[in-house]
Amino acid sequence: MQPIKIALAAFGFTLACSATFAQTAPDPTLVGQGQYLAEAGDCAACHTAPNGKAFAGGLPMASPIGTIYTSNITPDKSAGIGDWSYDDFQRLMRKGVTKQGYVVYPAMPYPSYARLTEPDLKAMYAYFMLGVQPVDQANRANGIPWPLSMRWPLHIWRWFYAPTAKPFVAAAGQGAEIARGAYLVEGLGHCGACHTPRRITLQETALSDADGPSYLSGGAPVDGWPAPSLRNENGGGLAGWSEDDIVAFMKTGRNKHSASFGAMNDVVVDSLQYLSDSDLRSIAAYLKSLPPKNTAAQPYAYDDTATKALLSGDASTRGAQAYVDRCAACHGSDGKGYEGVFPALAGNPILQTDDAVSAIHIILSGGRLPGTKTAPSYFVMGPYADVMTDQNIADVVSYIETSWGNQGKPVTTGQVAAIRKTATPVNP
Amino acid sequence: MADLTMPHVDAVIIGFGWTGAIMAKELTQAGLKVVALERGPNRDTYPQGAYPTSIDELTYNTRSKLFQDMSKSTLTIRHKPSDQAVPYRQLAAFLPGTGVGGAGLHWSGCHWRVTPEELKIRSHYEERYGKAFIPDEIPLQDWGVSYEELEPHFSFAEQVFGTSGQAYKVNGEIVGPGNPFDADRSTPFPLPPMKNPYSAELFKQAATEVGYHPFSIPAANASGVYTNPYGCQMAPCTFCGFCSGYACYNYSKASPNVNILPALRQVPNFELRAKCDVVLIETDSTGTKATGVIYVDEKGNRVTQPADLVILGAFAYNNAYMMLLSKIGTPYDPTTGEGTIGKNFCYQNENSIAAFFDGDKFTNPFVGAGGNGIACDDFNADHFDHGPLGFIGGAPMWVNQAGTKPIGGGPLPAGTPSWGSAWKKAVKDNYTHVVSMNAHGTNMPDRENYLDLDPDYTDYLGRPLLRLTFNWHDNDYKMANFMVDKMGAIAKAMNPKAMKVSAKKPGEPFDTRHYQTTHMGGGVIMGTDPTKSAVNRYLQSWDVSNLFVVGSSAFPQGLGYNPTGTVAALTYWSAKAIREQYLKNPGPLVPV
């Protein structure tokens with residue numbers, strides 16, 4: 001908390017908003033397109049609370065400085081954004097400045113939305129004005145204590161860290177497909193919000209690949225789930241996945257290597273599954289075009305030593321017996337799982353890094369592979385917190401992190417104990 | 001508590017087991033706005049089936065976690081019309097389900113197609129054995145639908161359930177070592193047959209030796225990864241042995257929850273309301289049109305749900321119960337044989353043999369799956385000459401190793417004491433050295449086996465309980481003893497050191513204390529004559545044309561096979577008639 005306070009308070013002036021845009025009435029022919037873009041941007045993820053009305057806000061978001069409640073973005077004239085002009089809307093989307101003139105917290109990924117094109121913003125405006133049901137639900141005051149509750153330092157943060165708002169332009173030599181993928185990933189998709197590391201002052205270390213290879217190289221845990229690298233790299237990235245694998249993952253939450261869990265589930269369910277195949281393919285092509293940041297990591301190669309031992313009845317390796325008792329029925333003695341149903345552990349990107357937080361968390365809390373329109377089955381792994389000790393879990397995580405050629409590292413009981421403190425059972 | 005009225009829907013479904021789920025899927029696909037009402041709680045693989053807490057015999061089987069809550073409601077049972085019926089207070093002989101998925105969540109997975117002959121049982125027996133062969137007290141009747149008409153629906157149900165098996169004949173061509181008595185199929189099974197445990201292999205060898213024709217039981221336990229036509233997925237069975245009585249933790253056993261509900265959750269025109277106990281199907285002043293249903297919700301509110309179409313898909317005998325409570329159709333009268341609601345209650349006539357082996361022959365009965373095993377059909381249906389035998393019906397015989405659990409235990413040799421050190425020694429000596437086999441037989445209707453409302457006992461809502469009048473009759477005893485004799489030949493061919501035969505002895509009454517099967521049927525039977533059946537060949541009520549009654553309640557007699565495959569096919573058949581005929585022109589699909 002302290003460094004942020006210092007960073008934000010160090011500048012004592014505000015930045016005037018100079019953009020001028022003509023008033024534009026919402027165009028009813030753009031509502032459908034706007035809805036698609038709102039899904040691509042996953043606006044509902046933050047602006048629709050669990051069991052709440054669509055886009056009426058009120059979702060609590062934990063931040064280092066206190067709880068932020070998301071705002072009502074329905075076209076209600078008083079509680080929502082019904083009296084906003086297109087100019088008000090585009091300014092918020094691209095610059096983070098509200099109609100009332102204050103700057104929103106950077107939980108709203110306006111630094112990513114800064115690159116949206118004018119036609120897309122107009123379509124989204126049409127959708128939010130004409131395609132969404134107005135909800136008269138007042139915004140909830142944020143739970144941020146003074147002096148951090150003062151909004152004016154956000155202007156400085158914005159001025160300091162947010163990019164100049166200008167519509168996306170494809171990089172030199174970028175083909176149309178990859179350019180489209182870049183636009184979606186860097187813009188509406190705001191993938192970097194989770195998958196790019198942030199600096200201590202909370203800004204993402206890169207907002208596009210042009211800013212450097214830390215872009216999408218993996219981010220800090222969201223709700224206890226670290227966001228893996230989305231770059232085409234070994235050691236936890238997407239090097240082992242084909243474009244088809246990536247498309248399948250986004251569309252159905254599952255592919256032959258892995259399955260969605262934790263904080264990614266809502267992204268798949270509320271956003272990615274609705275994207276067109278060509279947009280998904282563009283995203284996959286773009287992600288595969290990102291060169292490795294971690295150039296030292298070796299490609300994953302399957303190693304059958306553990307499999308042979310288990311199949312011959314030898315569970316003497318530490319953690320192997322717990323694996324047989326608790327894991328092997330679904331994930332297999334060969335660690336390969338069952339395609340599309342139970343994810344493989346062998347070669348799973350989550351198990352190729354030094355960070356075992358997800359593996360520990362999923363064993364404690366269980367995991368849920370969500371259903372989507374094209375893959376409606378939802379599969380739940382039940383929580384093991386009540387039936388496995390920290391030692392059991394440390395042993396079995398160490399086993400899966402290092403078996404079948406996986407490049408992960410053994411873990412300690414201390415790491416398990418720390419995660420156990422906040423792990424809650426997966427929702428039915 | 002209040003009286004509430006919900007917004008009108010196109011169709012309301014009573015009960016969310018297999019039939020309710022299939023109808024919900026079919027009717028929502030037809031564009032209807034559908035609400036399904038389930039009396040029990042919401043249930044799913046997680047948390048009810050989650051590993052490892054679901055692998056708990058005490059909680060699930062012994063203490064009936066997934067079965068009907070007998071503290072709220074049950075039925076009364078008596079052997080004959082002159083007896084006083086008493087409530088079935090402790091689950092034992094049969095295990096009705098409740099909750100989302102119904103009995104389809106805790107079933108085993110044996111997935112059969114009824115034989116063509118059984119669908120026209122009266123005409124078939126009369127033709128082959130003469131009219132005099134069927135005694136007056138057995139009110140046999142044809143179903144009014146043929147195997148050929150049902151075949152596409154059997155096929156589709158197998159695709160939905162992800163059934164594992166080996167076909168014999170597909171489109172007239174012999175395709176493999178399946179059941180040679182099987183009728184023609186339009187499609188092979190979607191998954192290959194399951195692997196056999198050792199005991200099933202022993203049965204296969206022995207049955208072959210004595211000249212029978214063994215084959216793999218069609219199992220709705222997945223032998224591999226599977227995606228069904230609804231996009232719902234299954235994982236391969238691990239043979240853990242916890243199928244019957246449990247919600248499969250591994251997504252391997254077909255259930256409404258695994259194979260249909262995930263797809264329904266994706267459609268906006270479907271709503272499932274749990275803990276909503278329907279008390280009445282409402283009809284208009286003419287009594288010929290249903291206007292919706294009344295149910296009591298979790299809070300005790302009495303809620304009216306108006307609907308244009310009512311689907312009654314409760315557990316087997318509860319369909320008759322709902323008809324009786326709603327005063328739709330004429331209650332059956334055993335003295336006159338007239339009336340149709342409650343008529344032809346039927347069950348299963350199962351008899352068994354256990355073969356015991358020396359300590360060096362390990363049968364590992366803890367391994368298994370609900371639909372797993374080897375059967376032979378040589379004495380099922382009318383695959384053998386009944387002429388000199390003097391009974392109607394038959395039985396598939398099988399080793400269906402579903403996993404012997406520690407509390408329920410396995411069979412012990414005859415003469416073993418039921419407690420003490422000699423019992424313990426017998427358990428130890430025999431537990432992993434026994435092969436259990438069953439003759440899973442038909443139960444013909446009897447004039448005195450029927451359902452009506454109990455005049456004395458009421459449930460938690462003050463409703464009269466359903467009363468079951470049921471007993472075994474001559475036909476059952478004769479068949480039981482014929483079957484164990486034939487199955488005994490297989491058992492003997494295994495060269496066991498001892499055998500224990502359990503068959504119904506003549507005069508032995510129905511015993512509610514010992515589990516047999518939960519395969520009840522009848523009560524709202526289908527047919528071609530409105531004076532002899534409650535629903536027509538499309539399972540549409542003869543009396544109320546916007547009411548369809550789906551389930552084994554439609555069976556005019558108890559099958560040799562397990563009922564679920566036929567229940568599913570009949571439901572798809574009925575749904576097709578609703579979609580293609582009824583919705584275009586609502587009214588009776590068969591003129592009265």
Side-chain angles (χ1 to χ4, degrees), chain A residues 54 248 251-256 259 261 268-270 273-274 322-334 336-344 362-363 365-388 392 396 424-428, chain B residues 21 25 28 41-56 99-100 160 162 191 222-242 247-252 254-268 270 274 367 369:
Chain A
K251 197 169 177 172
T252 67
R254 61 204 82 184
N255 64 20
K256 63 174 177 274
F261 60 88
V268 171
V269 171
D270 296 332
Q273 67 157 321
Y274 297 108
Y323 181 79
V324 170
D325 292 342
R326 302 298 189 192
C327 317
C330 296
H331 296 287
S333 300
D334 58 6
K336 291 180 177 174
Y338 291 101
E339 185 172 343
V341 179
F342 299 140
I362 211 166
I363 290 171
S365 293
R368 186 177 218 278
L369 166 56
T372 69
K373 280 196 172 305
T374 51
S377 287
Y378 39 91
F379 294 105
V380 181
M381 165 175 154
Y384 279 122
D386 291 344
V387 291
M388 292 178 80
N392 291 155
V396 84
T424 53
V426 63
N427 287 326
Chain B
K25 190 75 186 76
T28 51
N42 255 317
R43 289 199 167 125
D44 219 330
T45 305
Y46 176 78
Q48 282 78 21
Y51 182 83
T53 47
S54 67
I55 308 294
D56 176 351
V100 169
V160 171
L191 286 173
S223 61
V225 175
Y226 184 68
T227 304
N228 79 8
Y230 301 146
C232 297
Q233 297 172 289
M234 301 171 82
C237 172
T238 62
F239 296 82
C240 79
F242 286 79
C248 173
Y249 70 79
N250 209 54
Y251 300 88
S252 303
S255 67
N257 315 59
V258 167
N259 296 57
I260 300 178
L261 190 54
L264 280 170
R265 291 205 193 280
Q266 299 286 335
V267 299
F270 174 69
V367 173

Side chain, backbone, both or neither of A:Asp325 within contact of chain B (heavy atoms, under 4.5 Å)
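Looking at A:Asp325, just its backbone touches chain B.
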Chain B contact via A:Thr372 - side chain, backbone, both or neither, heavy atoms under 4.5 Å
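Just the backbone, heavy atoms under 4.5 Å.
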Intermediate values then yes/no, side chain to side chain contact (heavy atoms under 4.5 Å, CB included), B:Leu264 and B:Lys25
CA-CA 6 Å; B:Leu264 280 170; B:Lys25 190 75 186 76; 4.1 Å; yes
For the [atom1] atom of [X] and the [atom2] atom of [Y], what is their distance to the nearest 0.5 Å?
X        : Y        : atom1 : atom2 : value
B:Thr45  : B:Tyr51  : OG1   : OH    : 16.0 Å
A:Cys327 : A:Tyr384 : SG    : OH    : 6.0 Å
B:Ser255 : B:Arg43  : OG    : CZ    : 12.5 Å
A:Asn255 : A:Glu339 : CG    : CD    : 8.0 Å
A:Arg326 : A:His331 : CZ    : NE2   : 13.5 Å

Assign the ring pair A:Phe379 / A:Phe342 to parallel, tilted or perpendicular, where the plane angle (0 to 90°) is split at 30° and 60°.
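Aromatic pair A:Phe379/A:Phe342 classed perpendicular.
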Between [X] and chain A, with a heavy-atom cut-off of 4.5 Å, which part of the residue counts as in contact: side chain, backbone, both or neither?
X        : result
B:Tyr230 : backbone
B:Asn257 : backbone
B:Val258 : backbone
B:Asp44  : side chain
B:Thr238 : side chain

With respect to chain B, which residue among A:Gly382, A:Pro428, A:Pro376 yields the maximal number of heavy-atom pairs within a distance under 4.5 Å?
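Heavy-atom pairs under 4.5 Å are most numerous for A:Pro376.
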Mind ranking A:Cys330, A:Gly340, A:Ala375 by heavy-atom pairs under 4.5 Å with chain B and telling me who comes out on top?
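Ranked by contacts with chain B, first place is A:Gly340.
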Chi angles and distances behind the side chain to side chain donor-acceptor pair (under 3.5 Å) call for A:Tyr378, B:Arg265
CA-CA 10 Å; A:Tyr378 39 91; B:Arg265 291 205 193 280; 3.0 Å; yes
Among B:Gly49, B:Pro52, B:Ser252, which residue forms the greatest number of heavy-atom pairs with chain A at distances under 4.5 Å?
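When all of B:Gly49, B:Pro52, B:Ser252 are compared, B:Pro52 has the most.
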Heavy-atom pairs under 4.5 Å with chain A are the metric here; pick the option from B:Gly224, B:Ala50, B:Cys232 that has the most.
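Heavy-atom pairs under 4.5 Å are most numerous for B:Cys232.
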